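Read the structure below first, then the notes.
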Amino acid sequence: MTALTYLTLEGDRAALPAEAVDTFASQLAGRLITPSEADYAPLRQVWNGMVDRHPALIACCQGNQDIVQAIDFARSQRMCLSVRGGGHHIAGNAIAEGGLVIDLSAMRTVRVDPRQRTARVAPGALLGDIDRETQAFGLATPLGINSTTGVAGLCLGGGFGWLTRKHGMTIDNLLSVDMITADGQRHHVSADEEAELFWALRGGGGNFGVVTSFEFRLHPVGPEIHAGLVVYPFDQARRVLQAWRDFTRQAPEELSVWAILREAPPLPFLPEAVHGQRVVVFALVHGDDPARAERDVAPVLAFGEPVGQMLGTQPYAGFQSAFDPLLAPGARNYWKSHDFSDLADEALDKAIEAAEQLPGPECEIFIAQLGGAMSRVDPTATAYAGRDAQYVMNVHARWQDAAEDDRCRDWARHVFRDLAPLATGGGYVNFLTEDEGDRVASAYGDNFARLQAVKRRYDPDNLFRVNLNIPPAPPEVAA
């Protein structure tokens, strides 16, 4: 094997002798992939097609000891390091350019204890893995809305989805984790064991080490729920969005209704004449009994005159993957997002104006309805600080051709700037792109200094920095 070069923590290039690589490879139960191997190209690819990074090494870990060996190797070489779970984060932080990738994608085990209503989840598991296993017992925990999302990144950044209004965020249902910190030491972390680290992990992202196992609280959900879509023509956008906003202010917590402004895909329940036309889509999930669900959902059908609707009882796990075709890996993606404590008419008008200028058929603006159980958690109880967000708006630019990069990104940035005066000023770290490092501190608000102190204790050299980084507090401040 020829010698490799790698990127150091100081930002320099250094040589990595072949003997060191061979020794490292021999210590792993999994495989160590170098750039010369056939598996290298697919393993460096992530969900966002804009990310094109070339790591020096990829350690395909099969268990905890592999992870320890990889952390120790990166630390001893002062090698830039990243951690890949599902590889779904918009910023592409799963791949360290010129560094070592700890790839956990083979570790996807989910074990459910139906008596205790808990699930133990490995770090490479995807949301679909969890839903499949928990729904076998009619149980679920709040996750996202795309079955191919990795649970590790989703949870460590906060995590919200259809069940959040009733059961809280993903982190609000996290009971414990097993993890390995930058010094290679194993930890079991919970509210009763290393409580400060547990506080930081619930929203602080991958800044503190590698989580090797998550334990979640489960709730009775499904296996069937009332869910679906209601679609309105775009010329009714202002009317139906105002009606939706007013309705969501007092909607029952069992019901979540999200608004999407985009061009209509060729869904079979829509008239062909609507395909490719701008529309307002309301996607909803109701987790209670069907009779109550139909009553609670009825107002959504009366916001205006819909051009189509598909509502009814269906498997919860099925609806969790309903949007997968619109979020398939490989496309080019750029996001900008805002939190809102309320949506004034001006904010809705600006969103409508932005949707009139969609730069492509895959671009959209979606507004997630939050609140409920999530908002009743004290903003200092976890690292995630955005408990005042009743809505999260994601300006989602998505396209296929690299020649469209500037046009699509400029659209998203313009919409973001236009809406900024009406937003809370906070943000959701799982939606931040790689050029938004300056928003990390504002996303955590008053919790940021406390996070820096935890970082100083567990990762003083900032080994885990290929992320939306929380730098360690200076020693005198941490003390």
Side-chain angles (χ1 to χ4, degrees), residues 49 144-148 161-162 226-245 247-248 255-286 297-312 314 318-337 343 347-369 391-401 404 407-408 411-412 415:
I145 65 166
N146 180 204
S147 74
T148 63
W162 303 118
H226 192 84
L229 306 174
V230 181
V231 182
Y232 286 95
F234 197 75
D235 59 10
Q236 297 179 34
R238 193 170 198 269
R239 169 187 170 187
V240 300
L241 286 172
Q242 287 178 336
W244 166 75
R245 185 265 323 274
F247 172 73
T248 55
L255 176 63
S256 291
V257 188
W258 293 17
I260 305 103
L261 289 73
R262 60 166 296 134
E263 292 184 12
L267 299 172
F269 68 90
L270 292 177
E272 189 172 343
V274 176
H275 297 174
Q277 301 300 307
R278 286 192 297 272
V279 290
V280 180
V281 181
F282 295 107
L284 60 90
V285 168
H286 194 296
V297 166
V300 181
L301 292 163
F303 291 165
E305 292 80 43
V307 293
Q309 58 96 0
M310 183 187 65
L311 289 174
Q314 57 184 288
F319 196 72
Q320 279 284 84
S321 61
F323 295 95
D324 288 2
L326 300 179
L327 295 166
R332 305 177 75 79
N333 290 265
Y334 184 82
W335 296 355
K336 299 290 281 187
S337 70
L343 286 169
L348 295 178
D349 289 343
K350 288 181 180 296
I352 293 168
E353 180 183 349
E356 290 172 340
Q357 302 167 23
L358 293 172
E362 296 183 80
C363 298
E364 65 184 13
I365 296 171
F366 81 73
I367 311 172
Q369 177 201 10
Y391 306 91
V392 172
M393 181 185 296
N394 190 16
V395 183
H396 181 185
R398 179 180 171 90
W399 65 102
Q400 302 293 329
D401 186 351
E404 297 292 307
R407 190 168 72 91
C408 291
W411 170 76
V415 179

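Keep in mind that this is a model prediction, so the values were computed, not measured.
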Fill in: Q242 CD to L343 CG distance, which is reported to the nearest 0.5 Å
11.0 Å

Practice prompt. Decide yes or no for V231 and P306: does some side-chain heavy atom of the first lie under 4.5 Å from some side-chain heavy atom of the second?
Written response: no

Worksheet item: Atom CG of L241 and atom CG of L348: how far apart are they, to the nearest 0.5 Å?
Response: 5.5 Å

Worksheet item: Which pairs with one or both residues in residues 300-312 pass salt bridge (charged side-chain N to carboxylate O under 4.0 Å, His left out), sequence neighbours excluded?
Response: R239-E305

Practice prompt. Determine, step by step, whether K336 and V415 satisfy the side-chain contact (heavy atoms from CB on, under 4.5 Å) criterion, reporting the C-alpha distance in whole Å, the side-chain angles of both residues, the deciding distance to 0.1 Å, and the verdict.
Written response: CA-CA 8 Å; K336 299 290 281 187; V415 179; over 6 Å; no

Worksheet item: Are W244 and Y391 close enough that their ring centers fall under 6.0 Å?
Response: yes

Practice prompt. Under the salt bridge (Lys or Arg N to Asp or Glu O under 4.0 Å) rule, collect the residues that match up with D349, sequence neighbours excluded.
Written response: R238

Worksheet item: What distance separates I367 CD1 from N394 CG, expressed to the nearest 0.5 Å?
Response: 10.5 Å

Discussion item. Quick check for you: to the nearest 0.5 Å, what is the distance between C408 atom SG and Q400 atom CD?
Written reply: 10.5 Å

Item to complete: Could you tell me whether the side chain of V230 reaches within less than 4.5 Å of the side chain of L311, counting heavy atoms only?
Response: yes

Worksheet entry | side-chain contact (heavy atoms from CB on, under 4.5 Å) between T148 and L327, intermediate numbers included | CA-CA 9 Å; T148 63; L327 295 166; 6.0 Å; no

Worksheet item: Once the angle between the rings of W335 and H396 is folded into 0 to 90°, is it parallel (under 30°), tilted (30 to 60°) or perpendicular (over 60°)?
Response: perpendicular

Practice prompt. Would you name the heavy atoms of M393 and A351 that are closest together and state the gap between them?
Written response: CE-CB, 4.0 Å

Worksheet item: Just wondering, do W411 and V395 contact through their side chains at under 4.5 Å, heavy atoms?
Response: yes

Fill in: Side chain to side chain, L301 and Q309, heavy atoms closer than 4.5 Å
yes

Practice prompt. Would you indicate whether the side-chain heavy atoms of E356 and F234 approach each other to under 4.5 Å?
Written response: yes

Practice prompt. Indicate the ring-plane relationship of W162 and F319, choosing parallel, tilted or perpendicular according to the 30° and 60° boundaries.
Written response: tilted

Worksheet item: Between L261 and I352, what is the shortest heavy-atom contact and its length?
Response: CD2-CA, 4.0 Å

Fill in: Under the side-chain hydrogen bond (donor to acceptor under 3.5 Å, both in side chains) test, residues paired with Y334 that sit two or more places apart
R413, D435

Discussion item. Given 3.5 Å as the limit, does a donor-acceptor pair link the side chain of Q320 with the main chain of S147, or not?
Written reply: no

Fill in: V307 side chain near F269 side chain, heavy-atom distance below 4.5 Å
no

Worksheet entry | side-chain hydrogen bond (donor to acceptor under 3.5 Å, both in side chains) contacts in which one or both residues fall within residues 270-284, not counting sequence neighbours | none

Practice prompt. Please collect all salt bridge (charged side-chain N to carboxylate O under 4.0 Å, His left out) contacts where either partner lies in residues 256-271, sequence neighbours excluded, each pair once.
Written response: R262-E364

Worksheet entry | 4.5 Å side-chain heavy-atom contact, L270 and V279 | no

Practice prompt. Heavy atoms only: give me the nearest F282-V280 pair and the separation to one decimal.
Written response: CZ-CG1, 3.8 Å

Fill in: salt bridge (Lys or Arg N to Asp or Glu O under 4.0 Å) partners of E404, counting only residues at least two apart
R407

Item to complete: Would you name the heavy atoms of G161 and I145 that are closest together and state the gap between them?
Response: CA-CG2, 4.3 Å

Worksheet item: So do I260 and I365 actually touch side chain to side chain, heavy atoms under 4.5 Å?
Response: no

Discussion item. Let me confirm one number: the CZ-CG distance from R398 to N333, rounded to the nearest 0.5 Å.
Written reply: 5.0 Å

